Amino acid sequence: MHRVVLIPGDGIGPSISEVAVHVIDAAGVKIEWIPVEAGMAAIDKYKDPLPQHVIDEISSTRLALKGPLTTPVGSGFRSVNVALRKEFDLYSNLRPARSFEGVPSRYTNIDLLIVRENTEEFYAGIEHYIDPQRSAAETIGVVTRSGSDRIIRYAYEYARSHGRKKVTTVHKANILKYTGGLFLEVARTIAQEYPDIASDDKIVDNMAMQMVVNPNQFDVIVTTNLFGDILSDLASGLVGGLGLAPGGNIGYDAAIFEAVHGSAPDIAGKNIANPTAIILAGVMMLRHLKEEDAANRIERAVEEVIKEGKAVTADLKPAKPVGTKEMGEAIIDKLRV
Ligand code: NAD
């Protein structure tokens with residue numbers, strides 16, 4: 001029996017998380033789910049977006065499946081997502097983007113993995129207004145040699161152990177000569193230790209253009225925190241949208257799996273959100289737990305439902321869309337076959 005903390009999340013979070021739990025349970029994996037609230041739901045209940053008992057539960061299980069959490073824009077409390085990554089030193093954010101047969105999208109056969117540094121740089125929370133009149137503000141992005149070393153090494157080790165052929169380091173070292181320069185210097189040094197993996201590096205603006213024009217030239221992409229966040233949304237757009245993009249936040253001894261997307265307030269409460277991203281985050285979690293068989297069966301069930309196109313949500317542009325719950329039921333039906 002595995003023990004997993006479940007954070008349902010805000011906005012569309014509770015509805016897609018519920019579907020993910022049903023799908024994982026239907027695959028026959030024995031999981032004791034420990035539901036806790038964080039984000040807006042916790043503010044309403046505990047006046048704290050990240051109550052201590054949530055941290056205590058994850059400290060005990062070292063594993064969580066998390067729905068998206070709303071972060072107020074431009075003011076208010078700091079991101080609970082970022083706080084959790086810092087608290088458990090989840091330094092590696094894995095964000096795969098792959099094509100699904102049956103999804104109308106610009107490209108086919110895309111299979112990219114973004115490895116995003118998850119604890120440093122502009123997400124470290126070192127920022128302030130310089131005076132009470134708020135005439136200027138500054139955010140300090142700290143990049144360390146050790147932080148760069150561990151994430152770049154993670155990307156190469158992942159590439160080697162998963163049969164990937166190439167690692168592309170993305171940076172802005174032409175302008176950010178120190179932070180970007182340090183990251184790139186470490187990447188070029190580590191690349192020499194992996195002669196079996198092709199290596200290259202790209203400036204982030206060129207990278208964005210290259211990904212849109214010819215994404216199949218890339219394989220594993222490793223980059224700093226902010227660029228990784230932006231490029232992973234871009235990558236999801238190449239394969240059919242955020243509804244299909246899962247992610248894992250991995251540390252030395254803890255991990256939190258979640259969708260790449262946010263709480264989608266524009267579609268919350270309407271039973272129209274695509275549950276695929278969080279289900280696939282669950283698949284990543286099962287692989288982390290070495291539950292390969294269940295992970296493969298769920299992945300195949302999702303692929304079949306999407307390919308048939310009869311029981312998918314509106315974002316995948318079917319002739320007749322179904323709701324979040326109904327798509328989940330169709331996936332569970334495939335598991336039972
Ligand atoms: P978003 O990812 O929530 O939504 C962007 C667009 O994608 C919206 O049009 C939305 O309807 C659509 N979308 C997202 N998920 C979808 C799904 N499963 N099915 C169908 N369509 C989907 O981004 P946003 O609107 O910029 O952010 C909303 C909130 O989410 C903010 O408070 C932000 O801070 C937070 N956020 C949280 C996380 C996280 O919890 N890891 C990640 C990103 C954003």
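Order of listing sets the numbers, starting from 1, for every ligand and every atom in it. Given the structure is predicted, the values throughout are model-derived calculations rather than measurements.
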query: If we only count heavy atoms from C-beta on, is the Leu112 to Met211 side-chain gap below 4.5 Å?
result: yes
message: Does any part of the side chain of Ile221, heavy atoms only, come nearer than 4.5 Å to the side chain of Met207, both counted from C-beta?
response: yes
field: Polar side-chain atom of Asn93 near backbone of Gly248 as donor-acceptor pair, under 3.5 Å
entry: yes
query: Do Glu117 side-chain atoms and Gly147 backbone N/O form a donor-acceptor pair below 3.5 Å?
result: no
field: Protein residues that have a heavy atom under 4.0 Å from any atom of ligand 1, sorted by chain and number
entry: Ile12, Lys66, Pro68, Leu69, Thr70, Thr71, Asn81, Arg85, Leu242, Gly243, Glu258, Val260, His261, Gly262, Ser263, Ala264, Pro265, Asp266, Ile267, Ala273, Asn274, Asp315
- prompt: Between Asp196 and Arg160, is there a donor-acceptor pair closer than 3.5 Å when you use the side chain of the first and the backbone of the second?
  reply: no
field: Considering all heavy atoms, the nearest Tyr154-Leu94 contact
entry: CE2-CD2, 3.7 Å
